[in-house]
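Note sheet for the following structure.
All of these numbers come straight from a predicted model, not from anything done at the bench.
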Amino acid sequence: MEHASFPPLSRVAICGGTHGNEMTGVYIVREMQKKKENAARSFSITPVLTNPRAVDVCRRYADMDLNRCFTDALLRSPVTNSMPYELRRAQELNTQLGPKGGKEAVDLLVDLHNTTANMGLCLIFYSLDWLTLHILKYIQNKISSVPVRAIQLDIPLSDAYSLEAVGKHGFAIEVGPQPHGVLRADIFNVAKKAVDLTLEFIQEFNAGRRFEGGEVEAYTFVKSIDYPRDSSGEITAAIHPELQDKDFHLLRSGDPLFLSFSGETVKHDGEDVYPFFINECAYYEKKVAFQLALKTTFLLPSVSVEKN
Amino acid sequence: MGEPRSQVSSLLSVCDSTTTSQPDGGGGDVKDVKTQPHLNSEAGNFSTGASAAFSVSTPPPSTLPGMSFHGSTARLSEARRVAIFGGTHGNEMSGVALVNLWIKNSDDIQRRGVDIKPFIANPKAVEKCVRYVETDLNRAFTPENLSASGGDEFPYEVRRAQEINRMFGPKGSPEAYDVIFDLHNTTSNMGCTLILESSKDHFNLQMMNYIKKAISPASCLVLLNEHPLLKYSTCRSVAKHAVGLEVGPQPQGVLRSNIFEAMRVILKHALDFIELFNEGMEFPPCTVEVFRVNERIDYPRDANRNIIAMVHPNLQDCDWEPLNPGDPMFQTFDGKTIPYQGSCTVYPTFINEAAYYEKQQAFVTTRRETLAASSIRKA
């Protein structure tokens with residue numbers, strides 16, 4: 001059985017408000033900032049409200065989506081006075097918590113998000129990372145009130161555009177369904193539990209505990225599907241009632257996708273896939289009705305901390 | 001969590017449970033709806049007594065201009081001009097989609113003898129997919145705003161309110177539109193809700209009774225906002241008969257097919273009613289159960305006005321279900337329960353509506369009441 005070891009994690013960032021109207025992260029970070037960690041830990045925790053201007057007005061962003069600003073190219077773009085707020089903010093965060101790809105970056109960056117889609121709790125990460133997958137497995141074993149899943153975006157680090165790419169290890173915790181601008185107690189409680197379990201895992205990991213390997217499933221992003229639109233770009237159909245809220249339910253050829261305003265059904269015509277981010281509010285402007293994934297199974301090695 | 005709570009058509013109707021047991025001291029609740037006293041046939045002579053066990057408002061005569069009574073039937077003028085507003089809040093998508101659909105193709109909203117105008121009330125907000133650009137249009141129709149003169153120094157929505165008042169009003173005048181339907185969505189689990197602004201509007205009461213019967217067993221509840229302090233100057237108040245339609249739960253900026261369809265069906269029945277009325281149909285006396293707005297409850301806040309607790313999981317999504325003294329109401333961030341401390345059972349609604357955080361409202365309490373509508377017929 002394979003084994004992997006990692007150096008101890010000494011700096012962890014918990015981020016919220018990357019989208020200013022995704023309320024769970026905003027309030028979890030605010031509470032963490034208020035409380036100021038008392039428990040003796042083998043690592044430091046930095047709670048960060050990443051997009052304060054957007055949080056203030058309870059909007060997703062002020063000028064542009066902060067969570068698309070972290071590609072290598074954008075992080076390198078020259079600073080100007082007319083620079084979009086979020087581009088400047090991304091560079092500030094990269095200095096504070098990174099630099100992305102560098103030795104000084106925080107060991108783990110967790111970014112809290114909400115979605116209007118019925119996705120339960122998802123950990124979203126870029127490339128294969130045994131540590132992150134072990135945290136997923138740890139959380140899955142301890143949370144049963146909602147489904148806990150992993151979504152993998154198979155993108156090289158240089159093109160990775162979201163905040164969690166800044167940390168040496170990183171993932172987003174996405175919890176839904178919750179309308180933007182709304183704070184639901186059930187969603188808050190499950191997200192907070194996921195954060196607490198992540199910190200618990202790190203504490204045990206640093207203390208030398210060995211976490212046994214095993215199989216873990218993840219959903220690997222394939223592509224996005226837009227709404228049907230007319231010649232002037234207006235949406236002509238809504239997500240079909242049989243697809244609405246069915247995130248991660250297998251979609252087969254012939255299954256309904258959209259119901260047009262005039263009553264016609266548009267059906268799926270293609271391979272079996274798993275839809276997610278179904279009817280996410282913020283994706284209308286990104287021309288995404290839902291995204292599609294294939295399921296991949298990973299064989300996790302056991303992990304433990306590197307001993308000097 | 002898991003699947004979102006059951007939506008529109010399967011909303012359990014609180015009104016239908018006529019034998020809901022209430023704790024003692026639940027004054028003001030209707031325990032069951034008995035047959036209403038028969039209206040006196042003498043012109044202008046209505047029984048106005050309200051028994052202690054019920055809250056029943058019997059309509060006094062001649063309460064609305066243009067209304068006359070022959071026997072016990074109120075004769076009302078025909079509803080010839082009707083408007084359907086969508087996008088009064090630019091991110092409440094069902095109304096925006098329906099109105100845009102009907103502007104392009106008005107087949108579904110054609111009715112004999114009625115001129116029906118679909119209208120996007122706040123186009124700038126719709127374009128940006130926000131509730132409002134500068135100020136809430138649905139609070140802007142105050143007498144001060146509507147009579148103010150001036151121009152660009154006013155917020156966009158105030159100028160828009162004046163324009164709407166010119167097009168569909170003037171508010172309070174004989175030239176005003178007969179009916180305005182104002183289409184809204186809410187993040188609250190309210191199902192289909194009709195919003196009534198006056199307990200004395202027999203036309204609206206009869207319409208709402210018609211709609212409720214037409215969609216049964218699916219339910220459509222009636223919210224009455226006649227509270228002197230909590231009532232606000234809505235877009236639809238420009239018309240002689242203002243009808244609000246609120247359907248949820250739906251996140252802002254999202255279009256859910258089932259919510260869209262439910263709204264479409266309700267409008268269909270509403271327009272059918274108007275057509276039947278205009279053709280001379282008499283609608284016999286009826287009673288309508290309503291939920292009367294009682295009190296606004298804000299989130300607990302700290303000295304800096306930041307929220308320090310959330311709507312309790314036991315209350316979340318429980319719009320229209322009884323909230324008893326002592327029941328969980330809020331939950332703090334570290335899990336402590338804050339109970340409801342009113343003196344009697346109330347029926348909360350607009351629970352956790354996104355747009356109301358800035359209006360200092362976590363939910364609004366209501367009391368159940370039965371209103372009586374006289375029979376109506378066109379004059």
Side-chain angles (χ1 to χ4, degrees), chain A residues 21 23-24 27-28 30-32 34-35 57-60 114-118 120-121 145-147 175-190 192 227 230 234-246 256 258-263 279-285, chain B residues 1-5 7 91 93-94 97-98 100-102 104-105 107-108 128-131 185-188 248-261 264 299 302 306-317 328 330-335 352-358 362:
Chain A
N21 54 8
M23 308 301 283
T24 306
Y27 281 89
I28 285 182
R30 278 193 181 148
E31 285 302 296
M32 291 180 84
K34 259 195 259 177
K35 289 256 160 86
V57 290
C58 200
R59 295 268 160 89
R60 182 176 176 86
N114 292 118
T115 173
T116 57
N118 186 29
L121 194 138
S145 57
V146 300
V175 198
Q178 180 172 270
H180 298 315
V182 164
L183 182 65
R184 287 182 66 105
D186 53 359
I187 299 270
F188 177 93
N189 291 338
V190 85
K192 181 155 185 305
Y227 290 93
D230 63 20
E234 296 300 316
I235 289 176
T236 56
I239 299 280
H240 197 279
E242 282 173 38
L243 178 61
Q244 179 69 55
D245 302 332
K246 300 286 206 306
F258 299 105
L259 182 62
S260 79
F261 300 138
S262 45
N279 211 347
E280 161 53 51
C281 165
Y283 287 176
Y284 282 59
E285 71 175 14
Chain B
M1 212 169 66
E3 294 297 328
R5 249 181 96 91
Q7 303 249 343
N91 54 10
M93 306 305 286
S94 308
L98 277 171
N100 280 337
L101 191 68
W102 288 327
K104 259 198 249 169
N105 179 351
D107 286 353
D108 285 351
K128 296 185 167 185
C129 198
V130 292
R131 182 177 174 86
N185 291 120
T186 174
T187 58
S188 306
Q250 180 171 271
Q252 297 167 342
V254 163
L255 184 68
R256 288 181 69 102
S257 185
N258 62 335
I259 302 277
F260 173 88
E261 291 302 327
R264 186 172 14 198
Y299 293 93
D302 64 17
N306 291 322
I307 286 174
I308 55 173
M310 310 169 279
V311 170
H312 196 280
N314 287 20
L315 177 58
Q316 178 69 52
D317 302 333
F330 295 110
Q331 184 180 77
T332 65
F333 295 118
D334 43 25
N352 209 346
E353 159 56 50
Y356 289 171
Y357 282 59
E358 69 175 19

Original post:
Where does B:D334 contact chain A at under 4.5 Å (heavy atoms): side chain, backbone, both or neither?
Top reply: side chain
**OP:** For A:R184 and B:D317, run side-chain contact (heavy atoms from CB on, under 4.5 Å): C-alpha distance rounded to whole Å, both residues' side-chain angles, the deciding distance at 0.1 Å, then the answer.
**Re:** CA-CA 10 Å; A:R184 287 182 66 105; B:D317 302 333; 2.8 Å; yes
Subject >> From A:D186 atom CG to B:N314 atom CG, the distance as rounded to the nearest 0.5 Å >> reply: 10.5 Å
Subject >> Heavy-atom closest pair, residues B:S257 and A:I239 >> reply: CB-O, 3.3 Å
**OP:** Find the distance between CG (B:N100) and OG1 (A:T236) and round it off to the nearest 0.5 Å.
**Re:** 12.5 Å
Original post:
Say you draw a straight line from CD of A:E31 to CD1 of B:I308; how long is it, rounded to the nearest 0.5 Å?
Top reply: 9.5 Å
Original post:
Does B:K128 NZ have over 12 foreign heavy atoms under 6.0 Å away?
Top reply: no
Subject >> Distance in Å, B:L255 CG paired with A:F261 CZ, rounded so as to fall on 0.5 Å steps >> reply: 5.0 Å
Original post:
Do we see a donor-acceptor contact under 3.5 Å between the side chains of B:Q252 and A:N21?
Top reply: no
Original post:
Which region of B:L101, side chain (C-beta onward) or backbone (N, CA, C, O), has a non-hydrogen atom less than 4.5 Å from a non-hydrogen atom of chain A, or is it both or neither?
Top reply: side chain
Original post:
Hey, mind stepping through B:Y357 and A:V182 against side-chain contact (heavy atoms from CB on, under 4.5 Å) and telling me if it holds?
Top reply: CA-CA 8 Å; B:Y357 282 59; A:V182 164; 4.1 Å; yes
Subject >> Inter-residue atom distance A:R30.CZ - B:F333.CZ, 0.5 Å rounding >> reply: 8.5 Å
**OP:** Name the option with the most non-hydrogen atom pairs under 4.5 Å to chain A; the candidates are B:C129, B:A355, B:G253.
**Re:** B:G253
Original post:
What residues, two or more places apart in sequence or in another chain, satisfy salt bridge (charged side-chain N to carboxylate O under 4.0 Å, His left out) together with A:D230?
Top reply: B:K104
Original post:
Does any N or O in the side chain of A:Y27 come within less than 3.5 Å of the main-chain N or O of B:I307, such that one atom is a donor and the other an acceptor?
Top reply: no
Original post:
Which pair of non-hydrogen atoms, one from A:A185 and one from B:V311, has the smallest distance, and what is that distance?
Top reply: CB-O, 3.3 Å
Subject >> Separation between CD1 of A:I187 and CE of B:M310, rounded to the nearest 0.5 Å >> reply: 11.0 Å
